[in-house]
Visitor: 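Below is one structure. I have some questions about it.
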Amino acid sequence: MTWVMEPLGDSAVVIEFGTTIDKSILEKVTVAVAVIEQHPFDGYIECIPSFTTVTVFYDLDQINLHDLYSWTEQQDTDKEVSVFDYVCFLIQQSLVSIILPSEDNIQSTFSAESQYRNHVIQPPHKVIDIPVCYGNEYGPDLEYVATYHHLSVEEVIAIHCSCEYLIYAIGFAPGFPYMGGMSTKIATPRKATPRLVIPAGSVGIAGTQTGIYPLATPGGWQLIGRTPLTLFRPNQHPPVLLASGMSIRFRAIDEEEYHYLQQLHPLAEEGI
């Protein structure tokens, strides 16, 4: 397994592990984040995981200049080396030595590297229960989705709740999960005209993806329900409920349970 590193501006590195949306690639992304976070280099700020990449941000002013100059002097090349090259070296060193096979070490395996277990605490896989009140004012497009597929409303709900959804990335809005795993039986195109405001907690379908709006924002997904849970919590750490690498399962609830849970999560309705 190989990866590619590219600069993003003058203070970030994008590490690409593949070009297709795939569970095995996401596993590499998730573990790479754990490696870098648990073995940070001087100047490291944070990692941002996505479908196939990890973006590593760093502070130029905090890079160890003595180590940088020493490393530069050791390079047998006529090419001028940069801070980006040095940061790539530090990241590469961590990934190769701890978990990931490189072109020079292809006999190592990603999942069975013994050194990885000794040096990195792999984050446990979490499956989050997401209660959803489907239909009516909470899911105004549920009947459209059912009609589009010649299904009953109950069948759409049952199919939507029957899957376990892997979160590939967080984006668009703080805490918005991009997930895979939805049945093609209920895959539905986006709305031709997006809504100007979608309530926080709304659960929608767009093509073969399903997602949850953490804030009241514009959007064009077909809304089939709403959760009372608060996905974006700026005063907590971490500020979002969901993260890349987690999985979720949807659970149908009635309106009474929705209002009960909403009292426990009062910020969900305001989208704060």
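Heads up: numbering here begins at 1 and tracks the sequence. Keep in mind the model is a prediction, meaning the values are calculated, not measured.
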Visitor: Considering only NZ, NE, NH1 and NH2 on the basic side and carboxylate oxygens on the acidic side, decide whether Asp129 and Arg251 come within less than 4.0 Å.
Guide: yes

Visitor: Just do the ring-ring contact (aromatic ring centres under 6.0 Å, His included) check on Phe172 and Trp221 with the steps written out, would you?
Guide: CA-CA 13 Å; Phe172 166 64; Trp221 292 36; 8.1 Å; no

Visitor: Just how far is it from atom CG of Leu223 to atom OH of Tyr134, taken to the nearest 0.5 Å?
Guide: 12.5 Å

Visitor: Go through it in stages, so that I can follow the logic: the residues are Ser11 and Asp59, the test is side chain to side chain contact (heavy atoms under 4.5 Å, CB included), and I'd like the CA-CA distance, side-chain angles, deciding distance and then a yes or no.
Guide: CA-CA 6 Å; Ser11 56; Asp59 185 344; over 6 Å; no

Visitor: According to side chain to side chain contact (heavy atoms under 4.5 Å, CB included), who are the partners of Tyr144, at least two apart in sequence or on a separate chain?
Guide: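 With sequence neighbours excluded, Tyr144 shows a side chain to side chain contact (heavy atoms under 4.5 Å, CB included) to Tyr148, Thr188, Gln222, given in chain and number order.
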
Visitor: Does some side-chain heavy atom of Gln209 sit less than 4.5 Å from a side-chain heavy atom of Tyr178?
Guide: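 Side chain of Tyr178 against side chain of Gln209, heavy atoms only: contact under 4.5 Å found.
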
Visitor: Using only heavy-atom distances, determine whether the side chains of Thr20 and Asp22 contain a donor-acceptor pair under 3.5 Å.
Guide: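 Thr20 vs Asp22: no donor-acceptor pair found between side chains.
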
Visitor: Between Ile248 and Glu164, is any pair of side-chain heavy atoms under 4.5 Å apart?
Guide: no

Visitor: According to the interplanar angle, ranging from 0 to 90°, do the rings of His259 and Tyr138 count as parallel (below 30°), tilted (30 to 60°) or perpendicular (above 60°)?
Guide: perpendicular

Visitor: Could you check whether Asp141 pairs with Arg190 (Lys NZ or Arg NE/NH1/NH2 to Asp/Glu carboxylate O, under 4.0 Å)?
Guide: no

Visitor: Mind checking what makes side chain to side chain contact (heavy atoms under 4.5 Å, CB included) contact with Tyr69, not counting sequence neighbours?
Guide: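 With neighbours one apart ignored, the set is Leu65.
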
Visitor: Is a side-chain N or O of Ser202 found less than 3.5 angstrom from the main chain of Arg226, in a donor-acceptor match?
Guide: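 Not confirmed, Ser202 side chain does not pair with Arg226 backbone.
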
Visitor: Establish, from distance only, whether the side-chain atoms of Asp67 and Ser70 form a donor-acceptor pair under 3.5 Å.
Guide: no

Visitor: Evaluate whether atom CD of Glu143 has more than 12 neighbouring non-hydrogen atoms of other residues, nucleotides or ligands under 6.0 angstrom away.
Guide: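 No, not enclosed.
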
